[in-house]
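Below, read A as the first sequence line, B as the second, and so on, with proteins coming before strands; counting in each chain starts at 1.
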Amino acid sequence: MPSILRRPWIWAWLAATATFAVTVALGSGRGAAGLAYAALSFGAFAAIVGVGQMLVISLGPGNVDLSIPATMTLSATLALKAMDGVPGTELLGLGVALLVGLGTGAANFALILLLRLPPIIATLAASLIYQSLAIWSNRGLRVKPPEALAEFATGRTLDIPNVALVGLLLSLAVWVALERGVWGRWLLAAGQNPRAARLAGVPVERVRATAYLTVSVFAAVAGFLLASFSGGAALNMGAEYLLMSIAVVIIGGTSIAGGFSNVPGIWGAAFFMFLVVSMLNTYGAGAGARSVLTGVIIIGIVIAASTKRNHA
Amino acid sequence: MLEREAPKNPPLVTLTDVAKHFGAVAALKDVNLAIRAGECVGLVGHNGAGKSTLVSIINGSLRASEGRVEFPLSAADDALAAGVRSVFQELSLCPNLSLAENLRIAHTGMRGWGWRRRAGTEISQSLDALFPSHGIAAGALIETLSIAQRQMVEVAIRFAPLGGKPQLVILDEPTSSLDAGIANQLLDAVRRFCARGGAVIFISHMLGEIFRVADRILVMKDGRIVADEPADHFTRQGLVDFMGHVAAEPETLQTESRRELGEIVISQGGLQARRGEIVGLSGLAGHGQAEALATLYLDATSAWRNPGNPPMVFVAGDRKRDGILPLWSILNNMSLSLLSATARWGLVDQVSERRIGDEWKRRIGIRTESLSNPILSLSGGNQQKALFARALVSRAPIVVMDDPMRGVDVGTKQDVYALIRAEAAKGRTFLWYSTETEEVCQCDRVYVYRDGAISAALSGDELTEARILEASFEMQESSA
């Protein structure tokens, strides 16, 4: 097998390219450029939460953050409420979103560390609280984001959507931290064998804490951008990102067993997930058929990628 | 060849012109070998000489690249049907299952109602026969056992009937984590097994053991069998020469001029160590030495602080559980404890990582073409060297070693002893737990553990094998 096919990210990118080609060939109505632009815009949100989720999943079996949707909703709701549509409050809004992310991340990790809850239970239980806080503070209001912020979120620079640029910047930071940073080595060591890592002097709890904080902050940023992008926060806005964040990590070639992560694959997988839905829309598939087919395709590609990798 | 009592019997297993390649690397070349019933064959050689590959080909877990492997006596097609059993260096037990359940995995014929009870009886009988007064219950989960007990269970499973009589048992470093008493029981059991007509291949780096059990010795070097003679044709020194190491009689640390010891740097739970001192922990395996070291290390380091230049480093003996990061290269495994001390702006200094890695590859003699190879491509002993390098590259003043010489060959041991001596002379303190009494006798001072507590502190002239053994058992008798 040529060495390029052994790259863990290749399957996600091949799948995304194939889906892109099929969709364009069927004639989506907006042409290749339009489709690529849409994929970049919508894929960016999945990529941001996916990169965060990847860090946590790399910590090894049982580590996952299921509070991503609730964190997105809470951060968007509180940030928009703080800005109240007033021009010039954009940085205040971002600050609120980041604080929400740090808060939920710290709360998640505190539950995991102090109460020794399995991360799945801890983050799922905590997410009910975050979601309730969002409902309580929202009270059915639909606040619009300040105009400048909405323009930024829907705008483009050098023909690339601004949200994609933010996503790329965050991904690049994570990529450097993982590939070149001491912190990345520590994270991957802890993911392979936490006991061995601790005995080699790795500050394992510090690494775990930063990973759980990062995923929450990334989710908060994604929620803030999504609300600005779509003209307001909604209570169910994060819902689809629960499965999405995990699917892009797995399709992207990160090991579910921990200790191995892959940033480029996340983007390939995020594009793929968006393009599958577009392709099915082009076919005129109904919502039900679309969900079923998306599920089948995800399962298929996970099986294909994992068997290839096992034989490699 | 030596005339045997029943030379007309066809051999249990024959290897004809066997070779094994892993890619471009030839792990085994031109191997011709026949093993007959009743023989106890000792197999010695360096780490990476091809011992593990040879036995893997005999037991069928690897297929020979060239040549034939046959089982003339049983005329069986495969090793399993011919009654070949193996006890590996890396234990193969499932930690979340009981002894009886682990036996069931090997014993495929055991089925139907009440198999747990029958399996329990079988494993208990086997354990009783091998290790009288072992004190391990058949229903106990493997993860609750100490590593010595696990090794005893592993050996016992392979010697159990498992539906058919074992004909040839391969023991790869079976005594490496057993203390002297239990190891002796095992060696006696091996002799009894051979006397009853079973054959054994016994791999060990402890030459004393080889001479005790083996009636024939194979020496391997660079993938070839370089000597194959009855045991009484060899002397200890001759064997070491055949293996190709120039190391002479093991020199002890005490032959060195006495080092100046500094101030007390550790004082915890009765354990004291001075700057530049080599302190041994001894006693029977599983009597609290490993726990004492782990507690000491975990208390001195933090799971939260950035280590920077850590106060203490740890060399794991249980490689799989405490040391190896299996997905990584050799280099990344070696450099892990050094990263935060050499980092700039939180980024890994890859140039110095590579330079220090190459330097230590030379100093400690890791046998590999490139440090970029995966850590699991190394033989067990070489993996252990990489873990040694991980600890010694850091500037930590205290080095804690949890039985680190398991599966390490004689030549390497001498190299590491010399290294430890040199580092101690520079002012490093070593805390060294070992199951080999010979090894701890080389320390400046030895604490003997019994039932989780220190039963004696020996130094100078009192530091003898006899005194250590005495202290290991003393308290038991007085309390009984």
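Atoms CZ and CG, from Arg180(A) and Asp349(B) in turn, are 12.0 Å apart once rounded to the nearest 0.5 Å. Atom CG of Leu199(A) sits about 9.0 Å away from atom CZ of Arg390(B), to the nearest 0.5 Å. Going from atom CG of Asn193(A) over to atom NZ of Lys320(B) covers 11.5 Å, rounded to the nearest 0.5 Å. One finds the CZ atom of Arg206(A) at 9.0 Å from the CH2 atom of Trp304(B) (value rounded to the nearest 0.5 Å).
Under the side-chain contact (heavy atoms from CB on, under 4.5 Å) criterion, Leu115(A) pairs with Leu111(A), Leu117(A), not counting sequence neighbours. Residues passing the ring-ring contact (aromatic ring centres under 6.0 Å, His included) test with Trp267(A), sequence neighbours excluded: Phe271(A). Scored by the side-chain hydrogen bond (donor to acceptor under 3.5 Å, both in side chains) test, Ser434(B) finds Glu439(B) as partners (sequence neighbours excluded).
When the shell of 6.0 Å around CD1 of Ile120(A) is examined, it contains 12 or fewer heavy atoms from other residues, nucleotides or ligands. For Arg395(B), the CZ atom sits in a loose shell: 12 or fewer heavy atoms of surrounding residues, nucleotides or ligands are nearer than 6.0 Å.
Between chain A and the options Ser302(B), Ala343(B), Pro310(B), Gly323(B), the largest number of non-hydrogen pairs under 4.5 Å is found for Ser302(B). No other option in Ala316(B), Ala294(B), Pro326(B), Ser394(B) has as many heavy-atom pairs under 4.5 Å with chain A as Pro326(B). Interface summary for chain B: among Glu179(A), Arg208(A), Arg185(A), the most heavy-atom pairs under 4.5 angstrom belong to Arg185(A).
Of the possible polar contacts, none joining the Asp322(B) side chain to the Arg195(A) backbone as a donor-acceptor pair under 3.5 Å is found.
Arg198(A) and Thr301(B) share a donor-acceptor pair across their side chains, judged by distance under 3.5 Å alone.
Both the backbone and the side chain of Val348(B) come within contact range of chain A, judged by heavy atoms closer than 4.5 Å. Both the backbone and the side chain of Leu298(B) come within less than 4.5 Å of a heavy atom in chain A.
The two residues Ala196(A) and Ile324(B) come nearest to each other via the heavy atoms CB-O, 4.3 Å.
Contacts with chain A (heavy atom to heavy atom, under 4.5 Å) involve these residues of residues 328-340 of chain B, listed by number: Trp328(B), Asn332(B), Ser335(B), Leu336(B), Ser337(B), Leu339(B), Ser340(B).
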